[in-house]
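What follows is a set of notes on a single structure, which appears directly below.
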Amino acid sequence: MTAPLSSPPTHSPLTWEDWLPLHAQTPFTLSGIAETLDGGQMFRWNRLDECSWQGVWGRHLARVRLCGDGSLEAAFPKGRDSDSLPALRQLLGLDLPYTDWYARLRESDDSAMLSAMSVAEGLHIVNLPLGEALLSFLCSPMKRIPQIKQVLDNIARSFGEELYEGIHALPSWAALANVDEEALRGCRLGYRAKSIAGTARMLAQRPDFLETVAALPYAEARKPLTELPGVGGKIADCALLYSGTCGLAPFPVDTWISRAMAKLYGLEGMNPEQTASYGRERFGEIAGLAQQFIFVSVRKIG
DNA sequence: CTCCAGGTCAGGT
DNA sequence: ACCTGACATGGA
């Protein structure tokens, strides 16, 4: 179907260590952890059963499950890198002050927000590597979440390193610079293949580009990202928010958020850029978390 | 068959 | 500054 694998499999068979407690500071609900792992922030986590998921990010593989008391546990492959546990804590933001952030959202006396929060109690915003978040959302325009997941799986299987049997990392941008547009189209990317090929070429000429952007505050990070082909304000905001490089300041506005904000806050007639500015000003440093609650709420309830 | 999906861009007012 | 259509693909 797609281009052949470039790297030979050098993995051992996949077996799992015992479950470990994650000691999150705040309790999760089922929908809270579901929307964190597999609700459109990341696209490489899949549900194993009612309360457990498996996913790949960077070169890490893990399983996460929710226990009856709202606590989380994680499992890792035998023979894993020893930094997978801290990497997972980082991914899920388990050491960030979510208790304070939830309190601030609740104190805002915003009935629409309180209602949205009740839909996914415990929801966190993820912290992917910036390049991986960028690649993920370059696949997203005019696609549904299951399709984005399928395309990214195609990309990983075609061009990414095989970490364990049948389980591939996403390719680095440096690796994608050696993939031509036609091969990307084979992953069912459609017209988005051009954006990814073009972005890979630009990043190959500026190896420090993403690292530099990741060190910038929100107001300065957005513009350079939108100079990459296929990256407008929305994808730039998603890449920044779901990589955590500038905290929770970004407020990505897609069709769902645009409709929801118009209805909830009377913003009829605003274009997406104006809605994004409104969201950032209304919710301040935790705008991105507020955005995610609205996104979850409008998709689950309407 | 038709419609639309976690948008962006070029080309027109 | 705003408005419009094109852009691939697949599922409802």
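The analysis underlying the following values was restricted to heavy atoms, covering all of them including side chains, and did not include hydrogens, waters or symmetry mates. Chain naming here is simple, since letters A, B, ... match the order of the sequence lines and numbering starts at 1 in each.
As rounded to whole Å, 11 Å separates atom P of C/dC2 from atom CD of A/Glu273. Distance, A/Leu184 CG to C/dC7 C1': 16 Å, rounded to whole Å.
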Check nucleotides 9-12 of chain C for protein N or O atoms closer than 3.5 Å to its own N or O atoms and list the pairs.
from, atom 1, to, atom 2, distance (Å)
C/dG10, OP1, A/Arg188, NE, 3.3

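Distance from the side chain of A/Ile235 is smallest to B/dG7 among B/dG7, C/dC2, B/dG6. Nearest to the side-chain atoms of A/Tyr191 among the listed nucleotides B/dG6, C/dC2, C/dA8 stands C/dA8.
Shown are A/Met113, A/Arg104, A/Gln291; of these, the side chain to side chain contact (heavy atoms under 4.5 Å, CB included) with A/Phe283 is made only by A/Met113.
Ion pairing of A/Glu181 with A/Arg185 is present here, as a side-chain N (NZ or NE/NH1/NH2) and a carboxylate O approach within less than 4.0 Å.
When heavy atoms are screened at a 4.0 angstrom cut-off, A/Pro252 is found touching base atoms of the nucleic acid. No engagement by A/Val253 is indicated, since no non-hydrogen atom pair under 4.0 Å with the nucleic acid exists.
When the C1' atom is used for both C/dC3 and B/dG6, the distance is 22 Å, rounded to whole Å. Atom P of C/dA8 sits at a distance of 15 Å from the matching atom of B/dG11, rounded to the whole Å.
The distance between the ring centers of A/Tyr218 and A/Phe251 does not fall below 6.0 angstrom.
At B/dA5, none of the side-chain N or O atoms of A/Ser140 fall inside 4.0 Å of OP1 or OP2 (strictly under the cut-off).
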**Request:** Would you write the dot-bracket representation of DNA chain B, where each base gets (, ), [, ], | or . depending on whether it forms a Watson-Crick or G-U pair under 3.5 Å and with which partner?
**Result:** .||||.|||||||

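Ring pair A/Phe295/A/Trp256 is perpendicular by interplanar angle, where above 60° counts as perpendicular and below 30° as parallel.
The base of B/dG6 has none of its N or O atoms less than 3.5 Å from a complementary donor or acceptor on the side chain of A/Gln41.
Residue A/Phe295 and nucleotide B/dG6 are classified as a stacked aromatic pair, their ring centres being separated by less than 5.5 Å at an interplanar angle below 30°.
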